[in-house]
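In what follows, residues are counted from 1 in the order of the sequence shown. Start at 1 and go down the list; that is how both ligands and their atoms are numbered.
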Amino acid sequence: MCGIVGYVGAKEAAPFLIRGLQQLEYRGYDSAGIATLKPSEPIKIAKVAGRVSQLSQIVERQTVSGTIGIGHTRWATHGPATTENAHPHIGGSGLVTIVHNGVIENYESLKAGLLAKDYQFRSQTDTEVVAHLIADRLRDLTSSGSGEITVQHCIDAVQSTIAQLRGTYGLLVMFRDFTDLLIAARCGSPLVIGVSKSEQFIASDTSPLVGHTDRIIYLADHQVAVIRPESIQVLHRDQGRIRPNIQALSSETQDSGLDGFAHFMLKEIYEQPQSIRNALRGRLDKDNATAHFGGLNLTTQQLRSIQRIILTGCGTSWHSALVGEYLLEELARIPIEVEYASELRYRNPPTDHNTLVFGITQSGETADTLAALREMKRKGHHALAICNVIGSSIAQEADGGIYLHAGPEIGVASTKAFTSQLTVLTMLALYFGRLRHLSFEAGLRIIERLEELPELVERALECHSQVKQIAQQFADASTFLYLGRHYNFPTALEGALKLKEISYIHAEGYPAAEMKHGPIALVDQHTPSVVIVPQGPVYDKVLSNLQEVKARGGPVIAIVDHFDPQVDRLADKVIQIPECDDFLQPVVASVPLQLLAYEIALLRGCDVDKPRNLAKSVTVE
Ligand code: F6R
């Protein structure tokens with residue numbers, strides 16, 4: 001989703017801004033722009049409805065120079081993806097220039113007030129309204145005196161403007177009269193300041209800061225930062241000036257590039273043995289046949305008294321929650337409720353004080369997940385996060401939680417974060433199980449199986465060349481069905497999501513037995529079904545469902561974990577994954593599904609890492 005970068009110092013700003021925007025490209029965007037400023041010169045702006053690479057060419061041609069600048073990648077919300085709507089936006093004929101992430105909900109009424117004062121709008125965005133509001137306030141503040149604009153006027157103008165805003169924002173503001181001042185403000189949309197001695201860097205996540213500084217300040221909600229080359233002052237809406245909390249930039253955020261892979265998605269699929277090892281590291285305790293987590297921030301007694309757990313998230317993270325439901329109910333015997341975060345935030349479920357809430361999120365920035373956790377906290381529940389991005393908004397706001405340690409996930413389609421989430425949820429189920437009824441032997445067995453998991457995933461990756469061939473046969477299909485049961489029902493949903501988001505093929509995941517209640521009407525010789533049919537308690541049942549599809553002429557790609565002559569005869573293609581216990585099958589079976597989606601998307605010429613219309617981190621509702 002939208003990205004922000006900014007620079008103030010002694011060097012040319014544009015190279016950092018462009019490079020920074022490239023680092024943020026993975027979040028998904030449709031237009032981009034930068035603005036820079038030099039003393040006594042008009043502001044220079046370059047914008048494009050397209051890629052940062054195109055913007056970079058424009059910047060070179062137009063020599064967009066200056067030692068202060070701001071930049072943005074936009075994911076359209078208010079108004080289509082056009083050059084006019086791309087940020088930065090100017091307010092008050094150039095008095096201020098801003099970039100903005102988030103959504104201003106009351107922008108129409110604010111705009112009406114500005115139109116009444118004859119402000120002209122060049123775009124349809126909510127952001128331009130904010131730019132004019134700051135400029136308007138600045139004019140008011142200076143009209144009674146000499147007319148000279150001071151830094152304090154700029155701070156006051158930003159503060160009184162944000163006091164009028166309803167919605168979410170991460171704002172970065174540059175002022176015509178100052179080539180050494182940026183003001184940042186945050187409410188619900190992340191901003192990080194990279195601290196250095198005589199220059200400062202700003203971005204909406206840490207990736208553009210890597211290599212420039214190892215000290216950072218995460219701006220919190222209702223904070224405003226006054227950023228100058230040699231100083232940073234942080235002001236809080238209610239507390240006035242506060243001491244900024246300078247933290248070390250985690251080495252986990254440091255991405256090593258493509259490492260020879262054609263795409264980040266492929267690299268991340270192949271990283272899974274390692275990311276699962278990272279999730280497991282230091283958490284398994286064989287002596288007590290349990291798992292340990294440092295950050296749940298609850299006593300053992302409190303955890304024992306939990307009577308219900310709500311698992312919430314969006315998209316792939318919601319699929320993890322569904323697997324978590326099976327795991328926690330089976331291994332820990334705790335009633336689980338899985339809820340889309342976007343629904344939970346507006347529902348009012350009756351809960352008692354022994355209900356624990358887990359928000360599952362890769363980015364830690366998903367607006368709905370954050371809002372759902374806040375709502376649950378407001379109701380007095382302990383709200384925890386299972387999160388990948390260290391220092392993200394959700395990681396900071398949750399009462400505690402568990403990091404995935406999967407490393408940066410750049411491909412828009414989530415892969416390694418999903419399997420790490422499942423690994424963490426399995427350990428969580430083990431932990432809760434051991435607090436209750438689960439025997440030492442049963443706990444130890446789960447640990448042994450978990451320890452084998454990275455190697456199982458490594459072996460599952462060996463199916464890649466076979467999957468590539470299968471992709472060639474089915475890449476032209478216009479609809480796919482994904483079928484699985486029990487633990488592999490969510491696996492089917494996730495397989496379908498991977499395919500639809502990167503190849504734009506319509507795909508549906510179903511619990512296999514649901515087919516006959518409607519979806520089987522879709523089956524014909526042009527509609528392939530991917531049937532996940534490994535050994536386990538529902539093996540025979542899924543086999544019957546597979547037969548039902550075949551009986552109606554539907555091509556079948558079967559995912560199995562042992563050779564079965566019957567499946568071999570029935571299915572058009574069979575992919576064999578390593579055998580494992582049923583509770584780990586969603587991790588292992590996801591590997592061929594990820595690869596299938598990847599290979600089909602490639603054959604269809606799709607932009608695998610940046611699929612159309614999608615954003616990596618969905619910071620709007
Ligand atoms: C799909 C995908 C999305 C995310 C969803 C939640 O591949 O990546 O469905 O899972 O937007 O994002 P996080 O996990 O960052 O909260």
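The protein heavy-atom contact nearest to atom 6 (C) of ligand 1 is Cys314 O, 3.3 Å. Scanning the protein for heavy atoms near atom 7 (O) of ligand 1, the closest one is Glu501 OE2, 2.6 Å. Looking only at heavy atoms of the protein, atom 2 (C) of ligand 1 is closest to Thr316 OG1, 3.8 Å. The single protein non-hydrogen atom nearest to atom 12 (O) of ligand 1 is Thr366 OG1, 3.4 Å, given as residue, atom name and distance. Looking from atom 11 (O) of ligand 1 to the surrounding protein, the closest heavy atom is Val618 CG2, 4.0 Å.
Ion pairing between Arg378 and Glu375 holds under the 4.0 Å rule for side-chain N and carboxylate O. Using a cutoff of 4.0 Å between basic side-chain nitrogens and carboxylate oxygens, Arg374 and Glu397 are scored as salt-bridged.
Note on ring orientation: taking the six-membered ring where Trp is involved, the planes of Tyr326 and Tyr487 are tilted (angle from 30° to 60°). In this pair, Tyr270 and His464 present their aromatic rings tilted. The plane angle is within the 30 to 60° band.
A cation-pi arrangement is absent between Arg345 and Tyr340, since the terminal nitrogen or guanidinium carbon is not both under 6.0 Å from the aromatic centre and inside a 45° cone about the axis. Figure legend: cation-pi geometry between Arg612 and Tyr504, with NZ or CZ positioned under 6.0 Å from the six-membered ring centre and within 45° of its axis.
The closest non-hydrogen atom to atom 14 (O) of ligand 1, taken over Gly364, Ser317, Ala385, comes from Ser317.
For ligand 1, the atoms closer than 4.0 angstrom to any heavy atom of Ser363 are 13 (P), 15 (O), 16 (O). Per-residue contacts place Gln362 under 4.0 angstrom from the following atoms of ligand 1 (heavy atoms of the residue considered): 13 (P), 14 (O), 15 (O), 16 (O). Short contacts between ligand 1 and Lys498, defined as distances under 4.0 Å to a heavy atom of the residue, involve ligand atoms 1 (C), 7 (O). Under a 4.0 Å criterion applied to the non-hydrogen atoms of Ala413, ligand 1 contributes the atoms 7 (O).
Between Gln421 and ligand 1, a contact under 3.5 Å exists for no N or O pair. The shortest N or O to N or O distance between Thr361 and ligand 1 is below 3.5 Å.
In this structure, the side chains of Lys416 and Asn388 stay at 4.5 Å or more apart for every pair of heavy atoms.
Closest non-hydrogen pair, Asn101 versus Ser204, comes out as ND2-CB, 3.7 Å.
No heavy atom of Leu614 sits closer than 4.0 Å to any atom of ligand 1.
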Original post:
What do the steps show when you test Phe418 against His319 for ring pair (Phe, Tyr, Trp, His ring centres under 6.0 Å), and what is the final call?
Top reply: CA-CA 8 Å; Phe418 176 64; His319 295 158; 7.1 Å; no

